[in-house]
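What follows is a short report on a single structure.
Sequence lines set the chain letters: A, B, ... in the order given, protein chains first and strands last, and positions in each chain run from 1.
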Amino acid sequence: MKRPPRTRLALPAALPAVLALAAGALSACDSGGSSGSGGRGGSNGGTLTVLYTKDMEHLDPQRNYVMFAMDFGTRLLYRTLTTYAAASGQAGTKVVPDLATDTGRTGDGGLTWTFHLKQGLKYEDGSPVTSQDVKYGVERSFAPDLPEGPGYARTMLAGGDEYHGPYKDPKGLDSIGTPDARTIVFHLRRPSMEWPQIATLPTFAPVPKAKDSGVDFDKRPFSSGPYRIQTYDRGKRLLLVRNPYWSKATDSVRQARPDRIDVQEGLAQATIDQRLIADQGADQRAITLYSVAASSMARILTRPDIKRRFTSELGLCTRFLAMNTAKPPFNDPRVRQAMQYAVDKDAYRTAHGGSGIGAPAGSYLPPTLMNGQTLDVYHAPPKGDPAKAEQLLTAAGKGAGFSINLTTTSTEQGKAEAEAVQQGLARVRVKVRINPVSNSVYYSTIGDVRKEDELVFYGWCADYPSASSFVQPVFDGNNITPKGNTAVSQLDDKVLNTRIETAVKDGRSADWQGVDQALMQASPMIPLIYDKLPLLRGSKVTGAIGHPIWEGEYDFATIGVKS
Amino acid sequence: MSALPLTPGRHAAPPPAGRSPWRLAGARLRHDRAALLGLAIVALFVLMALAAPLLTALNGHGPNEFHPEKIDDALAGAPRGSFGGIDAHFWLGAEPGTGRDVFSRMVYGARISLLISLLATAVATTAGTALGLTAGFAGGRTDLLISRVMDLVLSFPQLIFMIALVSVLPEANRTLELVLVMGFFGWPYIGRIVRGQTLSLRNREFVDAARATGMTRRRIVFHEVLPNLMAPVLVYATLTIPVNIGTEAALSFLGIGVRPPTASWGQMMSKAIGWYQVDPAYFVVPGVCLLLTVLAFTLLGDAFRDALDPRGGNR
Amino acid sequence: MIRYLALRLLGVAGVLLVICAATFTIFYVFPADPALQACGKSCTPERLAMLHHQMGLDRPLWRQFTDYLTGVLAGRTYGDGPHAVQCHFPCLGFSYQNDTPVWDLMMDRLPTTLSIAAGAALLWLAGGVAAGVLSALRKDTLLDRAMMVGTLTSASLPVYFTAMTLMVLVVQIGGLLPYSSYVPIGSDPVGWAKNLVLPWAALALLYAAMYARLTRASMVETMAEPFIRTARAKGLPERTVVVKHGLRAGLTPVFTVFGMDLGALLGGAVITESVFGLPGLGQLTIDAIDKSDQPVVMGVALLAAFFITFANLVVDLVYALLDPQVRYA
């Protein structure tokens with residue numbers, strides 16, 4: 001099993017403002033403001049207003065691979081074979097049945113997976129959801145015309161490498177069987193016990209062939225969820241109304257409380273924050289779809305009445321500073337270890353949004369993937385330990401310092417984060433030259449192994465709660481590819497690779513903490529923070545919990561409004 | 001292009017060439033209070049830029065020095081204290097997020113903002129004068145070609161192209177890139193004026209006379225025509241500087257600025273926008289600097305025009 | 001006249017062609033491979049090659065360019081077989097980001113920009129010209145001086161400074177107006193105007209100041225012309241002299257500038273739209289540049305250039321009609 005399923009994570013270039021990290025699920029109790037009106041109860045009806053800066057990127061289920069849009073899509077517009085429980089914290093990482101009657105069955109150790117669909121599942125026109133539609137949906141994700149979605153189906157299903165989607169190969173993919181209208185069977189290339197988690201991805205949303213409008217499906221996906229699209233004026237407004245054929249009896253996850261969901265797009269984040277802070281009129285029933293601006297934090301946190309409407313939950317993500325081990329000076333592990341003490345994580349976090357937006361990280365794996373446990377290998381203080389770093393650098397023959405480049409995004413925040421790293425390293429005579437590149441080319445720039453700078457900002461979110469989906473794509477040297485590389489440190493250590501691959505094979509029972517420890521010792525990256533997503537809502541929004549799977553985004557399954 | 005004030009001087013009637021009106025103009029300027037005010041402000045900012053290291057030695061804070069004690073980490077780095085953290089050591093407060101000294105960044109920012117706008121003006125003026133002169137003097141096909149190129153460059157949606165161009169250029173030397181890009185889009189304005197002036201000078205008596213005495217073409221251009229172009233060129237260049245200062249700030253605002261941690265007024269402005277509501281004091285500093293500098297150069301340019309152009313001298 | 005017009009139109013076409021080529025070069029000479037971005041992080045070389053083919057990026061550069069031009073002039077067909085997509089004239093391609101025809105995207109955003117530009121232009125033209133004329137007629141009085149100091153300051157303020165200040169004062173503290181969002185004029189004229197008052201004001205403050213200065217200068221000059229003295233000597237009332245003779249000559253340069261400014265603004269009030277969060281062409285451009293959505297950037301650049309060249313043409317034509325001395329050359 002040379003290259004096991006690659007469970008890479010999105011960090012889509014499209015995530016606004018930040019590097020697009022996301023997710024980690026710590027316990028809900030430490031999140032400052034999620035108590036109070038964020039709790040249960042609350043009535044049905046009303047209009048929930050959702051405020052956002054851009055457009056929804058992709059609503060087509062097979063192209064949707066941006067965390068909050070996946071939350072939005074799978075909770076409101078389409079259902080998948082399985083999904084996550086509607087809860088914050090560790091409880092939210094539990095896989096539960098959705099279209100299927102259970103979370104999938106396998107009789108051969110994970111090579112073949114069978115799902116049965118529930119009775120009475122209907123689309124927005126009242127027609128029934130069939131297993132053929134689920135098969136067709138998955139097949140769509142192979143079409144090069146619809147390239148953006150997650151790659152799991154493509155890499156894990158048998159024969160997936162030769163299949164190019166239903167437009168080019170209309171007879172379909174043989175490794176997905178539909179013995180009857182309510183049964184679907186997946187034949188994998190290699191056994192995997194993680195298939196039930198993978199089946200939560202929007203790739204597994206049903207699309208009836210007759211309704212498939214190709215690339216235009218993105219504008220008007222055909223709903224199998226509790227809402228359908230009434231109007232979508234891309235970049236301006238998306239209006240959802242109830243799907244009358246969706247039945248709560250078939251759905252144990254979605255509460256579908258509001259009657260309408262009104263997404264207003266193309267607003268400045270500062271305006272969104274200000275509107276929510278002001279809490280007037282319809283904005284009392286509004287939420288921000290994505291992170292509030294760092295500069296708004298001071299206005300939110302200093303006023304108790306506003307702080308009560310603030311949520312910040314961990315997702316399944318860690319942000320790193322990755323060192324390019326293929327180039328000097330970071331080809332020397334001693335220099336890399338010294339960097340663990342040289343970096344000023346505090347200054348970085350301030351630039352990133354302050355203490356409300358992330359917990360300092362002592363190792364790579366976020367606690368949400370480790371049952372809440374944290375690990376700190378170097379015990380460096382948050383401000384760093386320049387004396388210790390200098391001592392290690394001198395021992396490595398680099399006491400005089402050196403000059404390196406650091407890639408960051410060209411946003412104000414990206415620059416500020418880079419400046420924080422720069423001043424931290426300047427304390428040990430490491431001269432950093434900042435190289436800002438635009439958001440859209442960020443990942444293709446740092447993913448080009450030949451051109452990669454010595455230092456790059458990086459971050460990873462697990463697509464589903466499994467340490468293997470986190471460690472393997474980022475740290476397994478066998479995953480280094482010349483372009484679009486995800487193992488950006490380019491550390492290719494045979495012993496470590498083997499250790500990772502053995503752990504992946506063992507799955508949940510493996511000693512992931514030991515792997516984390518060993519990786520930290522090799523020090524390909526400096527862990528900076530475990531990410532939280534800072535969100536603000538109006539005073540009449542109910543059921544607003546941050547869900548760990550989608551970066552800590554509001555769970556659209558539970559959210560509602562008071563009259 | 002909403003942010004860019006209409007390029008001044010583009011429509012101003014160029015002053016007619018005269019016999020060295022410089023001395024006369026100098027005398028007029030000395031009595032023009034607006035001009036003196038403009039000059040004083042410009043001088044102040046230039047001095048400030050030149051003396052930046054000395055000024056920051058006074059408060060002991062380098063422009064890139066972090067001061068975590070000045071900001072509140074729990075509030076994403078909002079400055080502690082009132083008015084953006086102004087106190088005896090931080091005369092203009094601390095920068096949100098980093099605690100860097102705003103005064104130090106302002107004086108160092110003056111260097112970059114003035115440098116970029118002056119260099120971009122120099123590039124535009126030199127290229128515009130050279131090409132305008134060539135077109136006007138050579139006439140014929142050369143004139144046609146250069147004139148068409150000028151029309152073409154003027155038809156570009158400039159801000160869009162500046163953003164597009166700068167954002168795809170490799171980040172080698174951002175200052176130089178900004179200068180060249182701004183210079184490139186600026187030269188045709190002055191080129192047109194110089195061409196027009198040259199055309200009218202070409203057939204004037206004193207040029208004819210020079211020609212008759214067997215003076216070389218080269219000599220005529222450099223000794224007879226060029227000196228007579230200096231007045232409109234100077235006026236125009238002075239009025240271009242504030243436009244370039246504004247453009248640098250606008251590009252910074254749109255995320256295409258100098259490489260961090262370099263300070264420029266545009267960079268400060270762009271950062272301040274996000275903090276406007278929490279820390280208005282931080283917004284005021286670069287805002288006032290920009291306002292005063294643009295104002296001063298405009299006053300100065302107007303004064304030059306009035307002084308050098310007796311016909312419109314009373315406007 | 002017809003010949004002149006034909007030549008000028010040909011000129012406009014030429015300019016657009018060059019701008020098209022320039023945009024094309026900017027984005028294809030410098031590496032920002034859109035296929036690589038669409039490919040995402042699980043990108044295999046085979047998949048990348050497939051996407052290159054899909055997006056037509058594996059063809060020679062000149063072919064891509066001529067295909068584009070053909071599309072603009074005559075429309076073109078993308079793909080083949082049952083999934084071929086017809087893109088009708090004027091085909092500017094499809095957005096990489098969301099597969100919408102670029103033309104539709106632009107036409108969707110144009111009303112916003114048009115509303116901003118038209119309202120602001122009316123305001124600044126009326127305000128600026130009135131202030132300028134008044135100042136010129138009361139030259140060297142206190143009023144004139146105060147007005148000139150005011151306009152000079154206002155013209156020196158960056159538009160985002162004015163815009164932010166207005167927003168804080170009027171919306172946040174005053175609570176007099178809502179946070180801007182675009183409401184189509186057809187569905188709610190009052191809401192439309194309410195949402196646009198601040199952007200109009202921000203732009204108008206800047207431009208009105210410049211126009212006041214320009215108008216004043218031009219009027220002062222005109223009023224000193226011999227023909228004005230002649231008119232006065234004829235015993236015409238001052239009002240008639242100013243309105244019939246002074247304004248006509250004095251405002252000609254103002255309208256020239258106006259045509260060009262309006263043309264430039266129609267390409268997108270980039271900063272104003274971005275501060276107020278209005279979904280116009282300027283926002284579209286910034287987003288497209290940020291996402292390397294090249295077809296959209298090309299489209300907006302062409303449209304903006306078209307507005308500029310077209311405005312120039314109109315100004316020249318009006319000029320030619322008004323002033324018989326202008327030769328059609």
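- Applying the ring-ring contact (aromatic ring centres under 6.0 Å, His included) test to C/F276 and every residue at least two apart in sequence or in another chain returns nothing.
- Taking both residues in full, the closest heavy atoms of C/I271 and B/A250 are given as CD1-CB, 3.6 Å, listed atom of the first, atom of the second, then distance.
- Heavy-atom distances place no part of C/T162 under 4.5 Å from chain B, backbone and side chain included.
- When every heavy atom of B/G287 is checked against every heavy atom of C/F161, the shortest pair comes out as CA-CE1, 3.6 Å.
- Here the side chains of C/Y160 and B/M269 are in contact, with some heavy-atom distance below 4.5 Å.
- Between B/I160 and the options C/T23, C/T285, C/L281, a side chain to side chain contact (heavy atoms under 4.5 Å, CB included) holds for only C/T285.
- For B/W265, the ring-ring contact (aromatic ring centres under 6.0 Å, His included) test picks out B/F45, with sequence neighbours left out.
- Counting heavy-atom pairs closer than 4.5 Å to chain B, the top-ranked of the candidates C/L157, C/L16, C/T309 is C/L157.
- The part of C/I286 that comes within reach of chain B is its side chain, from C-beta onward, which places non-hydrogen atoms under 4.5 angstrom from that chain.
- We find the CZ-CD1 distance between B/F156 and C/I308 to be 10.0 Å, quoted to the nearest 0.5 Å.
- For C/V168, the part lying under 4.5 angstrom from a heavy atom of chain B is the side chain only.
- Here C/T153 pairs with nothing under the side-chain hydrogen bond (donor to acceptor under 3.5 Å, both in side chains) rule; sequence neighbours left out.
- Listed options B/I273, B/L292, B/D151 were ranked by heavy-atom pairs under 4.5 angstrom with chain C; first place goes to B/I273.
- Both the backbone and the side chain of C/L152 come within less than 4.5 Å of a heavy atom of chain B.
- Closest heavy-atom contact between B/P157 and C/A305: CG-N, 3.8 Å.
- For residues 296-303 of chain B, a heavy-atom distance under 4.5 Å to chain C picks out B/T298, B/L299, B/D302, given by residue number.
- The candidate with the highest count of non-hydrogen atom pairs below 4.5 Å against chain C, out of B/L291, B/L290, B/I245, is B/L291.
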